[in-house]
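The sequence lines fix the lettering, A, B, ..., with proteins before strands; numbering per chain opens at 1. Since the structure is predicted, the reported quantities are computational estimates derived from the model, not experimental observations.
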Amino acid sequence: MVQSLPMTLLANLNPQQYEAVTTQSKQTLVLAGPGSGKTRVLTQRIAYLVQEMGVAPYQILAVTFTNKAAREMRARVENLLSQQLQDIWLGTFHSICARLLRRETNALPYRPNFVIFDEGDQETLIKRAIRELNIDEKTFRPAGVLASISNAKNDLKLPQDYPSQSYRDEVVKRVYERYQSLLVDNNALDFDDLLFVAVRLLRENPDICRRYASRFAQVLVDEFQDTNLAQYELLKLISSYHKSIFVVGDEDQSIYRWRGADYRNVLRFEKDYPDCQKILLEQNYRSPQNVLDTARAVINRNPNRTPKLLFTDRGNGDTITLFEAVDDTSEAAYVVDTIQQLVMSKSAKPSDFAIMYRTNAQSRLLEEAFLREGMAYRLVGAQRFYGRREVKDCIAYLRLVHNPDDEVSLSRIINVPTRGIGEKTVLSLILAARSAHISPGQVLIDLGQNGDSSRFWSALSGRGAMLLADFGVLLGNWIEQKDKISLPALFDQILEDVVYQEYIEDNSDEGEDRWGNVQELRKLAFEYQDRGMTEFLENLALVSDQDTLPEAADAPTLLTLHAAKGLEFSQVFIIGLDEGILPHSRSKDDPEQMMEERRLFYVGITRAKDRLYLVRAERRSQYGAYEFSEPSQFLADIPATLLKVKSSSSSTRRRSSSSYDFSEQISSATRWAPSKPVTPTPEIQQRFRAAMRVKHPTWGEGMVLDSRMIDGEETLDVFFESVGFKRLMASIANLEIL
DNA sequence: AAGGCCCTTCTTTTT
DNA sequence: GAAGGGCCTT
């Protein structure tokens, strides 16, 4: 029995994967190129730990990037082991921290019913702090101040640690201080707090830290290159007892620097754990060689990276198509047309396709094009649903019932639907609350309970006091009902009490849509009725874009390049390959950011399992008016031989046939690198190409992984069956092409 | 207090 | 081209 297991567990792993899954080293760093099977390594590693090394599931902590990835990983491990693994802590950094913090509120200035503030809530609160401090909102934009505070938290800096080098620093520091105490008053944590407070909890309470650290005998981390300092520190603390930590990542896929992610955590890891074992996964099982060559041509321009081989035995595959549309509308039309043609010719099915773009706004024209053609599509993006005003309103009601101290939710819905409680009344409510050192929500409840004998009654104007008391009665009722009736029943009760349906249904199509969204949320509440409000609200706050991807539908997927990380599709379109879009104009001045734009493109390219389409438009409407755009500088880095260039103009001239004159393509292709210092086109002198089979006099047969010209010498990376990777000069090596 | 209108503003990526 | 803010009228 025990003997047969490794067979099923470890079958079909290549030597590097096998080593990673079964390593006995305590600290392991797996550097995994795209499509190299890192998810597989992680799942099998967990299964191996449980089955072969006798690690109990509750001793395992595994961190993924999205909830979806966590769910999938759990399902796959359970499948491998044919057992339920309820006790594994498996989730995103944020959800794991929320879980940890909810268990340890005794040691924290929060109560267990704390809520999680999303970006909108954060901004509301920041604005409040800025106004309270009489700071000018124009010179100190809330979003900018928030970003600075967020960075500070990710760097584990408290308000008192915040620098005061400049006037702006001073201002941010003061806002940070006020903002933080407002959060505590609201019994709320923002996204960054989840991590930062967890780190402080473990740092400042050695007993608690020891409890968790001794429990988690094995810590595993996916997408390690995208951890920030707070996350790194958390991992270090939580693995401080057993010091068994297994991380998987790829610096070339680090795309969250702007959120504090620091791929140098990989270096930090090697420094902190000098005995760690480093394993490279370089064989790609996803994409054909042409796609990999394109990806490599793009990423190789980034300096200071550990060069990684990227090879496949899948063959060259189709040429990459580069399409140049006249404008952004025809860019979208081209994508939809091409998909329709391929679907109709049965070369692919709708769900094989993904369309990736740099900014969410780019999805609009695509959606319109799909709608025009009557084709279904699925759009990845949590904002789409949870960002809706009516959805946020309903969530605010639930949050307020769950945590009456949540002032942000209260102020959101205290007059929605309008019930005569205007600005002045709200202000007097807040003043009454402040002077009594309780939250406005508590004042409301008191007013509801005691009416004109409430101690707050006299502080408010007659009409205002009455309206507030009326609302307080409702709030008090809901809170009383909360634990007696089910979540969907409470939801219905609230909607009924505030006559919400009539408020949003105005007999327009949009009104119908809005009510539909509310119904959708109610359905979700129904699914959570056994798990309760806390979990419901927490999951609402922590959904990621990828989590919202509807599973079944046989339709193309529309998503940002960021959301595409970790996914793969047979046919990939990357649109908007124009200067200012990809790379984005906001990254222009900062070389580090430009490198990240490049990695983003790299991530997109390497999602393709079969075909890759790169698309751009000569003209696009940036803000209302059309503007001409230059081709993305990244296109110039792709060797012309890999690309088949098409454009709208030639396709209208020749209809949309695929009979393009080759010389026309080449001349067209060279346009992509007009004024830039391009390495002299090496194809002419080069004898070898990636994926060629070759024979060496002493090492025998092997496969060419890469060939390039260095100082006039053709330099090859070859993988030999006998000895593995070798780098050699073509002129000396005496290779025979097979 | 509420709703409407016009003004600016400014647009990255997201847990 | 959308969203929010400020200002106006009712």
Evaluate N517(A) against R514(A) for side-chain hydrogen bond (donor to acceptor under 3.5 Å, both in side chains), listing each step before the verdict. CA-CA 5 Å; N517(A) 289 330; R514(A) 287 200 292 266; over 6 Å; no
For the pair made of [atom1] in [X] and [atom2] in [N], what is the distance, rounded to whole Å?
X: N539(A); N: dT15(B); atom1: CG; atom2: C1'; result: 13 Å
X: L146(A); N: dT14(B); atom1: CG; atom2: P; result: 16 Å
X: E119(A); N: dT13(B); atom1: CD; atom2: P; result: 10 Å
X: F191(A); N: dT14(B); atom1: CZ; atom2: C1'; result: 8 Å
X: E596(A); N: dT14(B); atom1: CD; atom2: P; result: 12 Å
X: R388(A); N: dA2(C); atom1: CZ; atom2: P; result: 13 Å
X: K588(A); N: dT13(B); atom1: NZ; atom2: P; result: 17 Å
X: Y256(A); N: dT13(B); atom1: OH; atom2: P; result: 11 Å

Under 6.0 Å from the ring centre and within 45 degrees of the ring axis: does the NZ or CZ of R200(A) meet both conditions for the six-membered ring of F196(A)? yes
Cation-pi check, R102(A) to F114(A): give yes when NZ or CZ is under 6.0 Å from the six-membered ring centre and within 45° of the ring axis, no otherwise.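 Yes.
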Rounding to 0.5 Å, atoms CD1 (I355(A)) and OH (Y613(A)) come to a distance of 11.5 Å
Supply the atom-to-atom distance R399(A) CZ to C394(A) SG, rounded to the nearest 0.5 angstrom. 13.0 Å
Picking from Y263(A), F224(A), Y232(A), what satisfies ring pair (Phe, Tyr, Trp, His ring centres under 6.0 Å) with F269(A)?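 Looking at Y263(A), F224(A), Y232(A), the match for F269(A) under the ring pair (Phe, Tyr, Trp, His ring centres under 6.0 Å) is F224(A).
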Identify which nucleotide among dT15(B), dA2(C), dT12(B) has an atom closest to any side-chain atom of T92(A), counting heavy atoms from C-beta outward. dT15(B)
Out of dT14(B), dT15(B), dG5(C), which has the shortest distance to the side chain of H562(A)? dT14(B)
Can you find a side-chain donor-acceptor pair between Y212(A) and R103(A) that sits under 3.5 Å? yes
List every contact pair, protein side and nucleotides 1-4 of chain B side both N or O, where the distance is under 3.5 Å.
| from | atom 1 | to | atom 2 | distance (Å) |
| --- | --- | --- | --- | --- |
| dA1(B) | OP1 | G422(A) | N | 3.4 |
| dA1(B) | OP1 | T425(A) | OG1 | 2.9 |
| dA2(B) | OP1 | G420(A) | N | 3.0 |
| dA2(B) | OP2 | N415(A) | ND2 | 2.7 |

Would you mind classifying the nucleic acid contact of Q593(A) as base, sugar-phosphate or nothing, using non-hydrogen atoms under 4.0 angstrom?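 Base: the residue Q593(A), judged by heavy atoms under 4.0 Å, touches a nucleobase.
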Near-parallel close stack of W258(A) and dT13(B) base (under 5.5 Å, under 30°): yes
Roughly how far apart, to the nearest Å, are dG4(C) and dT13(B) at atom C1'?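 To the nearest whole Å, 22 Å.
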Do any side-chain nitrogens or oxygens of [X] fall under 4.0 Å of OP1 or OP2 in [N]?
X: N360(A); N: dT13(B); result: yes
X: T560(A); N: dT14(B); result: yes
X: R259(A); N: dT13(B); result: no

Of R358(A) and N67(A), the one whose nearest nucleotide on DNA chain B sits closer to the 5' end is R358(A)
Ignoring hydrogens and angles, tell me if any N or O in the side chain of R607(A) forms a donor-acceptor pair with the backbone of V603(A) under 3.5 Å.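 Present.
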Could you check whether any side-chain N or O of E579(A) sits under 3.5 Å from a backbone N or O of Q633(A), counting only pairs where one atom can act as donor and the other as acceptor? yes
Might you list the N or O atoms of the protein lying below 3.5 Å from N or O atoms in nucleotides 7-11 of chain B, with each pair's distance?
| from | atom 1 | to | atom 2 | distance (Å) |
| --- | --- | --- | --- | --- |
| dC10(B) | OP1 | R141(A) | NH1 | 3.0 |

Aromatic ring proximity, centroids under 6.0 angstrom, Y503(A) and Y500(A): yes
